[in-house]
Protein chains: 2
Amino acid sequence: MQFSSRLPIATHILLCIVTFDGKEKLTSDFLAGSVNVNPVIIRNTLGKLKTAGLVKVDAGIGGAHLAKDPQQITLLDVFRAVEEEDDLFHFHDNPNPDCPVGCHVHDVLDDKLDGVNDAMKAQLASICLQTLIDDLQHKIQSEKE
Amino acid sequence: MQFSSRLPIATHILLCIVTFDGKEKLTSDFLAGSVNVNPVIIRNTLGKLKTAGLVKVDAGIGGAHLAKDPQQITLLDVFRAVEEEDDLFHFHDNPNPDCPVGCHVHDVLDDKLDGVNDAMKAQLASICLQTLIDDLQHKIQSEKE
DNA sequence: ATGCGTTGTAACTATTGACATTACAACAAA
DNA sequence: TTTGTTGTAATGTCAATAGTTACAACGCAT
């Protein structure tokens with residue numbers, strides 16, 4: 001069981017936007033070429049990022065740009081933009097209320113699982129887009145040499 | 001996107017085993033009654049827990065018991081027993097190698113996403129079965145009053 | 001040793017979500 | 001108005017979860 005590829009794809013898109021802004025026209029076709037998925041996936045993802053206030057998209061003429069400073073965007077922002085914000089774990093539906101265990105599992109487990117959820121979110125929040133950009137630039141530079 | 005209900009179900013089963021051991025015969029039918037899922041799901045889950053060395057199951061006669069001290073079992077053990085151990089995030093398959101972004105996203109993102117993975121695992125590892133049992137007993141006691 | 005209740009599995013189905021793809025209306029600039 | 005693009009709906013495919021039925025293998029009790 002794992003998450004969809006939405007977060008990686010969205011991050012890839014953001015990195016492209018920063019890298020190519022001003023140099024290329026960032027249409028969904030262009031982005032689809034780098035990410036290597038269908039342009040409609042790009043448009044849907046871009047739509048979610050736009051709703052979340054992370055990017056601006058020029059309808060008609062085409063092209064996407066960041067709406068915020070890369071230092072102000074964390075992976076948690078991206079995650080929340082593209083994934084449904086629900087609990088990490090899916091609790092089984094109807095534990096038996098007449099069983100001493102069944103009627104309390106929820107109470108006992110929910111807190112702990114929320115903690116796991118929070119740990120994951122905190123880690124995502126600790127990574128900002130600027131860091132990724134710096135890493136990326138570094139890789140690109142060291143490749144040229 | 002979220003995990004399956006396997007971890008909650010497996011934890012529920014373990015709590016039942018501890019709570020009812022010696023008092024009830026812990027057949028898959030009995031457990032299915034508390035968890036409220038199909039007995040086959042219980043048997044499959046129990047099979048995974050057995051493979052992981054967490055429980056012992058008496059075939060034929062029926063009945064399940066812990067194979068380890070509840071203090072020695074963490075939620076990470078349970079998680080690993082019942083979920084496929086793969087990366088939390090599914091990376092999109094073939095980023096364009098001819099694009100400066102596409103050929104480096106993996107390098108840039110993998111470490112960070114592994115970090116998120118590790119954070120989640122660490123949190124799971126910090127919760128042991130004994131703690132859950134204590135919590136559960138406490139809830140049961142305070143209800144009686 | 002035979003019958004009974006249980007486990008271990010395989011097979012089948014239904015449901016859901018991810019992702020790809022086609023199609024087309026809405027939109028903005030030249 | 002033409003052109004290229006976005007936004008979005010509709011559809012198809014695939015994989016995973018979970019429910020269910022069925023039955024062989026197993027182990028105790030009589």
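FYI, side chains are in, hydrogens and waters are out, and symmetry mates aren't considered; it's all heavy atoms of this structure. Every chain is numbered from 1, with letters handed out A, B, ... down the list of sequences.
- Distance alone, capped at 3.5 Å, places no donor-acceptor pair between the Asn96(B) side chain and the Asn36(A) backbone.
- With 3.5 Å as the limit, one finds no donor-acceptor pair spanning the side chains of Thr131(B) and Asp134(B).
- Nucleotide dA18(C) holds its C1' atom 15 Å from the CG atom of Leu7(A), rounded to whole Å.
- Aromatic ring pairs are classed by plane angle as parallel below 30°, tilted from 30° to 60° and perpendicular above 60°; the pair Phe30(A) and Phe20(A) is perpendicular.
- Residue contacts shown for Val40(A) include a base, since a base heavy atom lies under 4.0 Å away.
- As a whole-Å value, the separation of Asn38(B) CG from dT21(D) C1' is 9 Å.
- What separates CG of Asp58(A) from P of dA30(C) is a distance of 12 Å, to the nearest Å.
- More than 12 heavy atoms of other shown residues, nucleotides or ligands fall within 6.0 angstrom of atom NZ in Lys48(B).
- Applying a 4.0 Å cut-off to non-hydrogen atoms, the residues of residues 42-54 of chain A that approach DNA chain D are Arg43(A), Asn44(A), Lys50(A), listed by residue number.
- Atom CZ in Phe89(A) sits about 13 Å away from atom P in dA18(D), given to the nearest Å.
- Remark: the Ser34(A) side chain and the His12(A) side chain contain an N/O donor-acceptor pair separated by less than 3.5 Å.
- For the pair Glu83(B) CD and dA16(D) P, the computed distance is 12 Å after rounding to whole Å.
- The side chain of Thr27(B) has dT7(C) as its nearest neighbour among dG7(D), dA18(D), dT7(C).
- Residue Ser4(A) has its side chain nearest to dA18(C) when only dA20(C), dA18(C), dA18(D) are considered.
- If you measure from atom CG of Asp29(B) to atom P of dT20(D), you get 13 Å, rounded to the nearest angstrom.
- The two residues Ile133(B) and Pro70(B) have their closest heavy-atom pair at CD1-CB, 3.8 Å.
- A donor-acceptor pair under 3.5 Å is formed between the side chain of Ser126(B) and the backbone N or O of Gln123(B).
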Sub-3.5 Å pairs of nitrogen or oxygen atoms, protein against nucleotides 28-30 of chain D:
none

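- Contact detail for Leu14(B) and Leu66(B): the closest heavy-atom pair is CD2-CD2, 3.8 Å.
- With the nearest nucleotide of DNA chain C identified for both His90(B) and Lys25(B), Lys25(B) has the one nearer the 5' end.
- To the nearest angstrom, C1' of dG17(C) lies 12 Å from CD1 of Ile41(A).
- For the pair Ser142(B) (side chain) and His138(B) (backbone), a donor-acceptor distance under 3.5 Å is present.
- Here dA16(D) presents its C1' atom at 8 Å from CZ of Arg6(B), a figure rounded to the nearest Å.
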